[in-house]
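Down below is the structure, laid out as C-alpha cells.
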Amino acid sequence: MSKKKEINEKNDIKTPLSEAIRKFKKQKNAIIALCFILFLVVLAFIGDKIVPFGINEYDYSNTLQGPSMAHWFGTDEFGRDLFSRIICGTKISLAVGLSAVSVGCICGTILGLIAGYYRGWIDSVIMRICDTLFAFPGIILAIAIVAILGSGLGNVVIAVAVFSTPTFARLVRSRTLALKNAVFVQAARNIGASDARILFQHILPGAFPEIIVQYTMSIGSSILTASSLSFLGMGAQPPTPEWGLLLSNGRNYMLTAFHCTLFPGIAIFLTVLSFNLLGDGLRDALDPKLTD
C-alpha cells in the first residue's frame, strides 16, 4: 500500500507547466481560438495547392458575381475567384503579423533586459525613446514610417515592428527590475556568472509568461494594422491577395457586390479575434495568482 501511495503522490506532483496546461484546458474560448489558428496555419502552407482557381485567373464574363457553387465567395471586379484569393492571402497576413511581432519582441526584450538590469543613463535613454514612440497612436506611427520608407509589405513589417518594440521593452524591463535582486540571481552573480548569462538564463525565463501573452495578442493587432495600411494603399500592392487590399478593392462595389468586402472583412475579424482570445486564455493559464 505504501508503494502504491508513493506512486500516486508522484503522479500528483504539479509542475508549473502541467498546472498551466490544466488551467488552459478549462478555457473553452481559448481552445476554440487555438484550433482556428492552427487551421489558418495549415491553410497558409497548403492553401495554394487546394484552391479551385488561380489567384490571378481572370474571367471577365463573370465579374462581380455573388456566391455560387462554382465560386463560394463570389468573384471580384476582374472575375477572379474570391475564395481562392482569401485562402492564399492567409499566408501573407500571417507571415506579416508573425514576422513583425517577432522582430519587435526580440528587439524589445533585449532593450528591456538592458534597461532594467543596468539602469542609469542607459535605462533613461531607452525609456525616453519608448515614451516618445508611445506618444503616437500605433496606426499613425506606422503610417508615418511607411510614408518615409515607401509602400510595400517589407516596410509594413518594419513599421509594425517599430511600434511593437516599446511594449515589449517596458514589459521586460518591469520583470527585470523585479527579478534582478532575487536570491537565485544574486547567487549566480556571486559565483561569477557573466551579465549575459544572468540576463538570458536566469532573468529572461522569469519574464517568459508575460512575453508569451503579449506576443500572442500583438499578432492580432499587427495583422489588423498591416491590413489597414494595405487598405490605405500603403501596404501590399495589386495583384497581391492580401486581406486588407482585397477589402480596399471591394469598397468601390459595396452597393452592387457586397460580398467583395464581406468575406475579407470576416477573415480579418475572425483571425484578430482568435489571437486575442488565445492571448486571454494564456494570460489566465500562466498567471500563478489566478486560482480556480
Got a second to check how far W243's CH2 is from F269's CZ, nearest 0.5 Å? 13.0 Å
Quick one: does T109's side chain have a donor or acceptor within less than 3.5 Å of a partner on I106's backbone? no
Consider only side-chain N and O atoms of Y118 and D195, and report whether a donor and an acceptor are under 3.5 Å apart. yes
Give the minimum heavy-atom separation between T225 and V160, together with the two atoms involved. CG2-CG2, 4.1 Å
R251 to F231 six-membered ring, cation-pi geometry met (6.0 Å, 45°): yes
Exercise: identify the closest heavy-atom pair between S274 and A33: O-CB, 3.2 Å
Looking only at heavy atoms, which two atoms of V172 and G112 are closest? And how far apart? CG1-C, 4.0 Å
Kindly give the heavy-atom pair with the smallest separation between L82 and P264, and that separation in Å. CD2-CD, 4.5 Å
How many angstroms lie between atom OG of S151 and atom CG of L232, to the nearest 0.5 angstrom? 11.5 Å
Would a distance-only check, ignoring hydrogens and angles, find a side-chain to backbone donor-acceptor pair under 3.5 Å from N29 to L277? no
For Y117 and K180, work out which heavy atoms get closest and say how close. O-NZ, 2.9 Å
May I have all residue pairs that pass ring pair (Phe, Tyr, Trp, His ring centres under 6.0 Å) and include part of residues 168-221, sequence neighbours excluded? none
Side chains of L282 and M217: closer than 4.5 Å at any heavy-atom pair? no
Side chains of R85 and E57 in contact at under 4.5 Å (non-hydrogen atoms): no
Heavy-atom donor-acceptor pair, S222 side chain to I219 backbone, under 3.5 Å: yes
Between the main-chain N or O of N56 and the side-chain N or O of R80, is there a donor-acceptor pair closer than 3.5 Å? no
Would you say C105 and I211 make side-chain contact, with heavy atoms under 4.5 Å? yes
Please report the interatomic distance CD1(I158) to CD1(I145), rounded to the nearest 0.5 Å. 9.0 Å
Inter-residue atom distance D76.CG - H71.NE2, 0.5 Å rounding: 10.0 Å
Taking T271 for the side chain and I268 for the main chain, is one N or O donor matched with an acceptor at less than 3.5 Å? no
Determine yes or no for a side-chain-to-main-chain donor-acceptor pair under 3.5 angstrom, with S99 supplying the side chain and V96 the backbone. yes
Measuring from atom OG1 of T176 to atom CD1 of I203, what distance do you get when rounded to the nearest 0.5 angstrom? 5.5 Å
Under 3.5 Å donor-acceptor, T261 side chain and M254 backbone: no
Hey, quick one: are I32 and F36 part of the same hydrophobic cluster, counting side-chain heavy atoms closer than 4.5 Å, chains of contacts allowed? no
Any carboxylate oxygen within less than 4.0 angstrom of a Lys/Arg side-chain nitrogen, looking at D284 and K26? no
Does Y58 sit in a hydrophobic cluster with other residues, and if so which ones, taking ILVMFWY side chains as linked at heavy-atom separations under 4.5 Å, directly or through other members? Y60, F78
Is D81 close to F73 at the side-chain level, that is, under 4.5 Å between some pair of heavy atoms? no
Within a strict 4.5 Å, meaning less than it, do heavy atoms of the F275 and I37 side chains meet? yes
Show, in sequence, the C-alpha distance, side-chain angles and deciding distance for R283 and Q214, and conclude whether the side chain to side chain contact (heavy atoms under 4.5 Å, CB included) test is met. CA-CA 9 Å; R283 180 190 58 200; Q214 184 61 44; over 6 Å; no
Decide whether V185 and I110 are clustered together by the hydrophobic rule: side chain heavy atoms of Ile, Leu, Val, Met, Phe, Trp, Tyr closer than 4.5 Å, transitively. yes
Distance col, row C88:SG vs K49:NZ, nearest 0.5 angstrom, shows 10.0 Å
Spell out, yes or no, whether L133 and F163 are grouped together once hydrophobic residues are joined by side-chain heavy atoms under 4.5 Å, including indirect joins. yes
Test item: E242 side-chain N/O and P238 main-chain N/O as donor-acceptor pair under 3.5 Å: no
So which residues get pulled into L245's cluster when ILVMFWY side chains under 4.5 Å apart are joined, directly or through others? none
For the side chain of T63 and the backbone of D59, is there at least one donor-acceptor N/O pair under 3.5 Å apart? no
Would a hydrophobic clustering, with Ile, Leu, Val, Met, Phe, Trp and Tyr connected at side-chain separations under 4.5 Å, put W72 with F53? no
Do any N or O atoms from the side chain of T75 and from the backbone of N62 form a donor-acceptor pair under 3.5 angstrom? yes
What I'd like to find out is whether the side chain of L43 reaches to under 4.5 Å of the side chain of I50, using heavy atoms alone. yes
So do E77 and L64 actually touch side chain to side chain, heavy atoms under 4.5 Å? yes
Return the minimal non-hydrogen interatomic distance between D48 and V51, and the atom names on each side. O-CG2, 3.8 Å
When you compare the side chain of L94 with that of I223, does any pair of heavy atoms fall below 4.5 Å? yes
Report whether V42 and F45 are members of the same hydrophobic cluster (ILVMFWY, side-chain heavy atoms less than 4.5 Å apart, transitive linking). yes
